[in-house]
Number of protein chains: 2
Amino acid sequence: MDSIGFASHDHTRCIASGLEAVDSYCAQNRLQFTAVRRRVLEILLQQHHALGAYEILEYLRQEGLGSQPPVAYRALDFLVKHGFVHKIERLNAFIACMHPGEPHTPVFMICRKCASVAEAQREPMQGQLGAVARAAGFLIERTVVEAEGLCPKCQDPSE
Amino acid sequence: MDSIGFASHDHTRCIASGLEAVDSYCAQNRLQFTAVRRRVLEILLQQHHALGAYEILEYLRQEGLGSQPPVAYRALDFLVKHGFVHKIERLNAFIACMHPGEPHTPVFMICRKCASVAEAQREPMQGQLGAVARAAGFLIERTVVEAEGLCPKCQDPSE
DNA sequence: TTGTGATTTGTTATATCATAACTATCTATC
DNA sequence: GATAGATAGTTATGATATAACAAATCACAA
């Protein structure tokens with residue numbers, strides 16, 4: 001269970017290393033990390049918060065990389081399918097993964113005030129959800145776990 | 001932690017008791033349980049699976065209870081706000097609550113094959129999500145916990 | 001190095017989900 | 001039965017997402 005949490009970090013570095021990790025994962029797995037896909041991931045890494053598909057599309061449009069919704073959605077489909085990007089269901093928005101290439105089960109904390117989103121990890125079959133599923137005889141294939149509330153900064157009354 | 005799970009049950013009874021519970025809760029709390037709101041809840045109890053807002057609206061339309069989206073969405077807003085109905089974020093759909101009137105933190109299991117949805121309970125500040133939030137200093141106000149996979153029936157190869 | 005099939009992209013159109021804004025009606029309370 | 005607040009009706013539009021098909025590109029092997 002780890003979290004980059006809501007703490008600050010070397011952002012230039014995290015963009016570069018995110019792209020590198022996906023580059024090498026795609027090379028190893030014979031996946032086509034095309035210009036549009038790469039740029040969408042880069043946008044999400046740069047922005048570092050959840051973006052709607054149409055916001056991403058607006059960047060692509062300005063850069064001449066595609067102007068219609070399917071272009072953005074297809075790139076996002078690819079990135080989500082391979083775990084490089086996660087969809088935040090509560091927000092109908094997308095965010096770059098903090099652990100690309102590593103199999104994992106993410107948990108998100110969404111601040112309702114500043115809209116920042118932090119990713120953390122959990123073990124899929126442990127905890128209450130695992131217990132509930134076992135009791136019901138349910139086979140979990142994928143989970144959506146999202147908490148809404150206030151991040152540390154936005155709880156602080158001095159700000 | 002309990003679950004009505006994917007087991008069969010006396011459905012006529014569960015519709016009636018669901019409506020009764022909400023009736024008395026609304027009476028006690030000075031809430032207006034109007035015809036449209038009541039009918040929307042009844043539809044969700046009857047169908048006993050997740051319905052989209054426009055599916056619900058279609059029932060209302062046929063019954064002369066309103067034909068435009070805001071009618072359905074407003075009734076759903078009321079029902080969700082007071083915990084009589086839950087929204088399944090993964091499906092953009094709504095389902096009647098199994099424990100109306102009792103404060104609780106639901107978990108859903110969504111079968112990708114038969115589309116049935118089971119509600120169970122969890123303790124909000126316990127488990128992995130609680131631990132992750134405490135570690136990050138995040139204050140949880142609301143959670144979305146949804147598992148997708150296969151219900152017991154749909155795992156059975158004989159069917 | 002070129003043919004071939006599979007994948008990806010471009011584009012049009014449309015489906016699906018949700019709300020803003022305003023008017024009319026109803027309901028509770030005085 | 002007047003009045004204020006809540007609810008419902010209606011029009012219009014915004015926001016999110018996908019189907020379907022044509023064109024371009026890529027991977028791979030002949």
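Chain naming here is simple, since letters A, B, ... match the order of the sequence lines and numbering starts at 1 in each. In this text, all values refer to a predicted model and were calculated from it rather than measured experimentally.
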Visitor: Quick check: do A:Met125 and A:Arg134 have side-chain heavy atoms less than 4.5 Å from each other?
Guide: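 A:Met125 vs A:Arg134: side chains touch.
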Visitor: For A:Phe78, report the nucleic acid contact type (base, sugar-phosphate, nothing); a contact means any heavy atom under 4.0 Å.
Guide: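 A:Phe78: no heavy atom of the nucleic acid under 4.0 Å.
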Visitor: What's B:Arg37 touching, base or sugar-phosphate or nothing? Going by heavy atoms closer than 4.0 Å.
Guide: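 Touches sugar-phosphate only.
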Visitor: Judged by each residue's nearest nucleotide on DNA chain D, which is more toward the 5′ side, B:Ala35 or B:Tyr54?
Guide: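 This one resolves to B:Ala35.
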Visitor: Let me know the distance between CG of A:Leu91 and P of D:dA15, rounded to the nearest Å.
Guide: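 About 15 Å, once rounded to whole Å.
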Visitor: Contact between B:Leu150 and B:Arg112 at the side-chain level, heavy atoms closer than 4.5 Å - yes or no?
Guide: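 Contact flag for B:Leu150/B:Arg112 side chains = yes.
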Visitor: Classify A:Leu65 by what it touches in the nucleic acid, base, sugar-phosphate, or nothing, heavy-atom distance under 4.0 Å.
Guide: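 Since only primed, P, OP1 and OP2 atoms lie under 4.0 Å of A:Leu65, the category is sugar-phosphate.
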Visitor: Same cluster or not: are A:Leu79 and A:Tyr59 linked, directly or through other Ile, Leu, Val, Met, Phe, Trp or Tyr residues, by side-chain heavy atoms under 4.5 angstrom apart?
Guide: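 A:Leu79 clusters together with A:Tyr59.
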Visitor: Can you find a side chain N or O atom of A:Asn92 that sits less than 4.0 Å from OP1 or OP2 on C:dC17?
Guide: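 False: A:Asn92 side-chain N/O out of range (4.0 Å or more) of C:dC17 OP1/OP2.
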Visitor: The side chain of A:Gln68 is closest to which nucleotide in this list: C:dT11, C:dA18, D:dT11?
Guide: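 Of all the options, the side chain of A:Gln68 is nearest to C:dT11.
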Visitor: Quick one: is D:dA17 close enough that its OP1 or OP2 comes under 4.0 Å of any side-chain N or O from A:Lys87?
Guide: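 The answer is yes; a side-chain N or O of A:Lys87 sits under 4.0 Å from OP1 or OP2.
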Visitor: Pick the closest DNA chain C nucleotide for B:Asp77 and for A:Ser67 by heavy atoms, then say which residue is nearer the 5' end.
Guide: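 This one resolves to A:Ser67.
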Visitor: B:His82 vs B:Leu31, test: side-chain contact (heavy atoms from CB on, under 4.5 Å). Steps then yes/no.
Guide: CA-CA 10 Å; B:His82 296 290; B:Leu31 300 173; 3.7 Å; yes
Visitor: Using whole Å, what does the distance between atom P of nucleotide D:dA8 and atom CG of B:Leu57 come to?
Guide: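 It is 14 Å, rounded to the nearest whole Å.
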Visitor: In whole angstrom, give the distance that lies between atom CG of A:Leu60 and atom P of C:dT11.
Guide: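 Value for this atom pair: 13 Å.
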Visitor: Nearest whole angstrom, please: distance from the P of D:dT7 to the CG of B:Leu79.
Guide: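 Taking atom P of D:dT7 as the reference, CG of B:Leu79 is at 12 Å.
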Visitor: Starting at atom CZ of B:Phe33, determine the distance to atom C1' of D:dT7, rounded to an integer number of angstrom.
Guide: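 These atoms are roughly 15 Å apart.
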Visitor: Over how many whole Å does the gap from B:Tyr73 atom OH to D:dA15 atom C1' extend?
Guide: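 It works out to 11 Å between those atoms.
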Visitor: Which nucleotide in the set C:dT19, D:dT10, D:dT7 lies at the smallest distance from any side-chain heavy atom of B:Arg74?
Guide: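 The nucleotide sitting nearest to the side chain is D:dT10.
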Visitor: Which whole-number value in Å describes the distance from B:Arg30 CZ to D:dT7 C1'?
Guide: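 Going from CZ in B:Arg30 over to C1' in D:dT7 covers 18 Å.
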Visitor: Starting the side chain at C-beta, find the nucleotide from C:dG10, D:dA8, D:dA19 nearest to A:Val71.
Guide: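 So the nucleotide nearest the side chain must be C:dG10.
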Visitor: Counting C-beta onward and ignoring hydrogens, is there a side-chain heavy-atom pair between A:Leu19 and A:Phe33 closer than 4.5 Å?
Guide: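 They are in contact (side-chain heavy atoms under 4.5 Å apart), so the answer is yes.
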Visitor: Using whole Å, report how far CG of A:Leu76 lies from P of D:dT16.
Guide: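 Those two atoms, CG and P, are 13 Å apart.
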Visitor: According to a strict under-4.0 Å criterion, is B:Thr34 in side-chain N/O contact with OP1 or OP2 of D:dA8?
Guide: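 Affirmative; the distance criterion is met.
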Visitor: Which nucleotide, C:dG10, C:dT12, D:dT7, lies nearest any side-chain atom of B:Gln32?
Guide: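 For the B:Gln32 side chain, the nearest candidate turns out to be D:dT7.
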